[in-house]
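For reference, the structure discussed in these notes is given below.
Chain A is the first sequence line, chain B the second, and so forth, proteins listed ahead of strands; every chain is numbered from 1. Below, each value reflects all heavy atoms present in this structure, side chains not excepted, and no hydrogens, waters or symmetry copies. Because the structure is predicted, anything quoted here is derived from the model rather than measured.
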There are 2 protein chains.
Amino acid sequence: MGPAGGAQGPDGAVRRARGRGRTTASMADVARLAGVSSQTVSRVSNGYAGVNEETRQQVLAAMKELGYRPNSAARALKRGEFRTIGVITFTLSTTGNVRTLEAIATSAAAEGYAVTLLPVAVPTTDEVRGAFSRLEELAVDAVIVIMEVHLLDAATVTLPPHVQVVVVDSDAGSHYTVVDTDQSGGTRTAVQHLLDLGHLTVYHLAGPEDSFAAQRRADAWRGALTDAGRPTPPVVRGDWSAESGYHAGLELAAQEDCTAVFAANDQMALGLLRALHERGRRVPEDVSVIGFDDIPEAGSFLPPLTTLHQDFAEVGRLCVQAVLRKMRRDGPQRGTTLVPTRLVLRDSTAPPPGGGRRES
Amino acid sequence: MGPAGGAQGPDGAVRRARGRGRTTASMADVARLAGVSSQTVSRVSNGYAGVNEETRQQVLAAMKELGYRPNSAARALKRGEFRTIGVITFTLSTTGNVRTLEAIATSAAAEGYAVTLLPVAVPTTDEVRGAFSRLEELAVDAVIVIMEVHLLDAATVTLPPHVQVVVVDSDAGSHYTVVDTDQSGGTRTAVQHLLDLGHLTVYHLAGPEDSFAAQRRADAWRGALTDAGRPTPPVVRGDWSAESGYHAGLELAAQEDCTAVFAANDQMALGLLRALHERGRRVPEDVSVIGFDDIPEAGSFLPPLTTLHQDFAEVGRLCVQAVLRKMRRDGPQRGTTLVPTRLVLRDSTAPPPGGGRRES
DNA sequence: GTGGCTGATGTTTGCGTAAACATCGTGGCG
DNA sequence: CGCCACGATGTTTACGCAAACATCAGCCAC
């Protein structure tokens with residue numbers, strides 16, 4: 001029937017792909033077996049209407065028999081998109097980043113997108129710039145950046161023009177689309193909780209200075225105290241680690257008037273608990289401690305930690321939504337989306353030793 | 001000169017890629033600007049010898065001017081490989097998986113490979129099979145599975161024939177290439193440490209039954225005790241979480257003769273510490289506790305936890321090495337590689353209350 | 001000087017897919 | 001009866017790159 005030339009392979013059988021010696025069925029193979037053109041296979045493969053049901057079944061049967069899988073490289077080349085989202089992270093050692101990443105991967109999968117991980121070894125501007133530069137030849141359609149974004153200074157880092165970017169943990173909402181936990185609201189909830197218990201003021205065990213999240217938690221803490229007309233004790237700083245929390249805790253334990261501490265994350269709160277314990281200051285009887293994150297272990301600290309729950313899953317979900325919206329050019333291109341926190345009451349907070357105003 | 005048709009764009013300028021409206025320079029654009037053929041551009045791009053230095057410089061200049069980036073889809077289609085490693089994980093909620101993943105990503109990047117994350121929502125055989133099936137149309141050359149591998153039962157899961165697989169945390173060394181921490185050796189070190197301190201026997205707070213790692217730690221614990229001629233107390237089980245460790249700890253605290261506990265991971269050890277504390281059993285004076293993993297917080301527990309350090313970075317590195325070796329068809333295709341652990345002595349272990357044999 | 005060799009470069013081709021366009025039969029309708 | 005619309009399917013083409021092959025100049029040896 002058909003003309004002599006054309007797609008007929010050397011032996012009419014499934015072709016042996018070059019390179020790895022693997023065997024792969026292409027659309028042409030399926031088409032041959034089903035007795036249709038490869039275009040019809042393509043239509044079936046992509047679920048287009050306008051294919052006779054009978055033909056469809058034949059094609060599907062042929063696909064199954066040959067174990068046909070669309071070749072994503074060819075598809076990407078043709079369509080000009082990869083169905084892949086890149087995620088740039090500096091570190092996976094913080095709970096938040098990991099949980100966010102996991103949520104991103106899950107949400108992306110639900111949308112039919114894969115996730116490619118782009119680790120940046122050292123968070124220097126150069127490294128980040130390098131990552132963004134490499135990005136352009138990477139097979140991604142969009143990028144989500146989970147990082148302190150001082151490094152994303154628009155002046156020095158050139159973003160690939162066609163790649164959509166969403167950022168977590170930044171205040172660069174005017175330049176990028178940002179999704180983040182409501183650091184400020186959460187912090188104010190924490191401080192207010194302690195003030196309501198009767199504490200005269202609240203100390204702050206802050207995260208590192210170069211972190212936006214830490215900065216905003218510190219700012220909100222200061223704001224909450226100021227609004228309530230309370231004095232603001234000096235800030236003690238850690239680097240997010242439990243170890244640094246311990247050292248900071250030794251300092252705080254020495255402060256006689258310190259009856260309440262807001263730790264910028266749970267890990268530091270853990271170290272703080274140990275320091276207070278060592279120095280004989282009981283929690284919560286002598287000192288109340290509140291954390292931030294609600295890591296899974298927080299309920300097993302000594303004592304179980306009252307903390308602010310971050311909904312990382314939601315953050316991840318919104319990141320994916322936002323980046324897909326940007327790609328599809330609908331919805332707002334910029335601005336910040338905040339995910340609320342939730343106060344989780346456990347056993348590390350109580351009224352101050354003298355007995356403050358009781359609520360119940 | 002050339003025939004009328006051909007690569008000449010509508011206006012001889014950088015083409016506007018369809019789909020996203022983005023602007024991309026192709027090899028042809030670079031070639032036109034540099035006044036060479038696209039093949040020469042390809043040679044320069046791939047660093048082949050046999051290109052005149054002067055020509056090379058011209059091409060490089062043209063590349064730079066146009067901001068040329070090779071299109072990875074086209075490259076993958078042509079070469080038949082993606083330079084991408086897929087990583088299948090069930091959960092990122094355990095430290096080990098995350099740290100391993102991070103190491104894999106870093107090592108892969110160093111080898112010029114990207115990492116695509118393939119989360120499996122629920123660890124059922126069906127889900128895993130689905131993941132492996134989807135895999136074939138995913139843009140990966142090889143796969144690393146970070147998972148309890150009961151689910152990788154060869155009878156039910158068909159692995160894509162051309163995709164190389166390396167598995168973490170499994171005893172399926174005869175079927176797959178496996179890289180793992182030396183669970184057994186680590187466990188024996190832990191048990192021996194406690195016996196050396198003078199404890200008559202060691203209780204075991206085990207991980208979930210369906211985990212290979214947990215199983216092997218339990219087996220090694222039993223073996224070590226048996227070899228030393230000590231009785232083996234009944235196993236208490238948790239699910240890796242601190243919460244489960246707490247509940248198990250309440251049980252253990254009730255055992256009068258329990259002076260030493262080997263917890264299968266640090267999180268459970270944390271919960272155990274809390275339970276012991278609540279029940280008035282001091283650590284390490286009354287009960288010694290040893291963990292497994294050496295998570296960053298372990299040094300900040302109350303008391304700081306003696307534990308076995310796992311070198312996740314090395315595990316990740318070896319995974320990448322192994323999978324690349326498999327792809328390149330050199331080196332052993334199967335077998336198990338073990339990464340040794342290291343005992344980290346902190347404050348949670350001591351001789352038993354009665355005072356055992358002292359070492360120093 | 002002629003043939004063959006080497007190094008540098010150009011030309012052709014095809015990877016697997018899917019958009020755009022072409023074809024072909026069928027059935028409705030003036 | 002003839003024309004057109006329409007649904008179903010086939011054919012052509014191009015996505016960007018790189019292997020394979022072709023070309024071509026310069027040079028050496030005999």
Side-chain angles (χ1 to χ4, degrees), chain A residues 1-3 5-7 9-10 14-20 22 24-32 34-56 58-59 66 68-83 137 139, chain B residues 1-3 5-10 14-20 22 24-32 34-56 58-59 63 66 68-83 137 139:
Chain A
M1 300 281 134
V14 170
R15 215 171 285 102
R16 181 162 273 270
R18 79 272 123 240
R20 303 262 146 255
R22 73 217 195 193
T24 292
S26 73
M27 281 200 340
D29 299 315
V30 176
R32 203 173 306 123
V36 299
S37 76
S38 64
Q39 184 54 41
T40 298
V41 177
S42 171
R43 285 190 264 256
V44 171
S45 174
N46 289 291
Y48 281 11
V51 177
N52 190 296
E53 184 55 28
E54 197 180 341
T55 313
R56 235 179 74 79
Q58 276 174 24
V59 171
L66 295 176
Y68 168 76
R69 296 282 153 187
N71 176 309
S72 63
R75 208 170 238 196
L77 176 58
K78 187 66 182 140
R79 298 208 277 218
E81 62 172 24
F82 299 95
R83 307 255 169 177
E137 62 186 292
Chain B
M1 355 214 101
Q8 193 85 16
V14 169
R15 218 172 283 101
R16 181 164 272 271
R18 80 273 120 238
R20 304 262 145 256
R22 72 218 196 195
T24 293
S26 74
M27 280 199 342
D29 299 315
V30 176
R32 204 172 307 123
V36 300
S37 75
S38 63
Q39 184 53 40
T40 298
V41 177
S42 171
R43 285 190 264 256
V44 171
S45 174
N46 290 291
Y48 283 10
V51 177
N52 189 298
E53 183 55 27
E54 196 180 342
T55 314
R56 235 179 73 80
Q58 275 173 23
V59 172
M63 281 180 173
L66 294 176
Y68 169 76
R69 297 282 154 185
N71 176 310
S72 63
R75 202 170 246 193
L77 176 60
K78 185 72 179 131
R79 298 206 276 216
E81 63 173 23
F82 299 94
R83 306 255 170 178
E137 61 186 295

### Message
Does a side-chain N or O of B:Thr55 approach OP1 or OP2 of C:dA8 to a distance below 4.0 Å, or not?
### Response
no
#### Entry: A:Glu54, CD: over 12 other non-hydrogen atoms inside 6.0 angstrom
no
## Note on the structure
Taken to the nearest whole Å, CD/B:Glu54 to P/C:dG7 is 19 Å
### Task
In whole angstrom, give the distance that lies between atom CG of B:Asn52 and atom C1' of D:dA25.
13 Å
Would you list the protein and nucleotides 17-24 of chain C atom pairs, both N or O, that sit under 3.5 Å from each other?
| residue | atom | partner | partner atom | Å |
| --- | --- | --- | --- | --- |
| C:dT17 | OP1 | A:Tyr68 | OH | 2.6 |
| C:dT17 | OP1 | A:Asn71 | N | 3.0 |
| C:dT17 | OP2 | A:Met27 | N | 2.5 |
| C:dA18 | OP1 | A:Asn46 | OD1 | 3.4 |
| C:dA18 | OP1 | A:Asn46 | ND2 | 3.4 |
| C:dA18 | OP1 | A:Arg75 | NE | 2.8 |
| C:dA18 | OP2 | A:Ser42 | OG | 3.2 |
| C:dA18 | OP2 | A:Asn46 | ND2 | 3.1 |
| C:dA18 | N7 | A:Gln39 | OE1 | 3.4 |
| C:dA19 | OP1 | A:Tyr48 | OH | 3.3 |
| C:dA19 | OP2 | A:Tyr48 | OH | 3.3 |
| C:dA19 | N6 | A:Gln39 | OE1 | 2.7 |

### Task
Find the distance B:Asp29:CG to D:dC15:P and express it as a whole number of Å.
10 Å
### Task
Specify the separation, in whole Å, of atom CZ of B:Arg83 and atom P of D:dC17.
15 Å
### Query
How far apart are the closest heavy atoms of B:Arg75 and B:Ser45, and which atoms are they?
NH2-OG, 3.1 Å
### Task
Take atom CZ of A:Arg32 and atom P of D:dG10, then tell me their distance rounded to the nearest Å.
14 Å
#### Entry: Rounded distance (nearest 0.5 Å) linking atom CE of B:Met27 with atom CZ of B:Arg32
12.0 Å
### Task
Rounded to the nearest angstrom, tell me the gap between atom CD in B:Gln58 and atom P in C:dA8.
15 Å
### Task
Look only at the side chain of A:Asn46 and the backbone of A:Tyr48, and say whether a donor-acceptor pair between them is shorter than 3.5 Å.
no
### Task
Could you tell me whether the side chain of A:Thr40 reaches within less than 4.5 Å of the side chain of A:Arg43, counting heavy atoms only?
yes
### Message
Quick check: closest heavy atoms across A:Ser26 and A:Tyr68, and the distance to 0.1 Å?
### Response
C-CE1, 3.7 Å
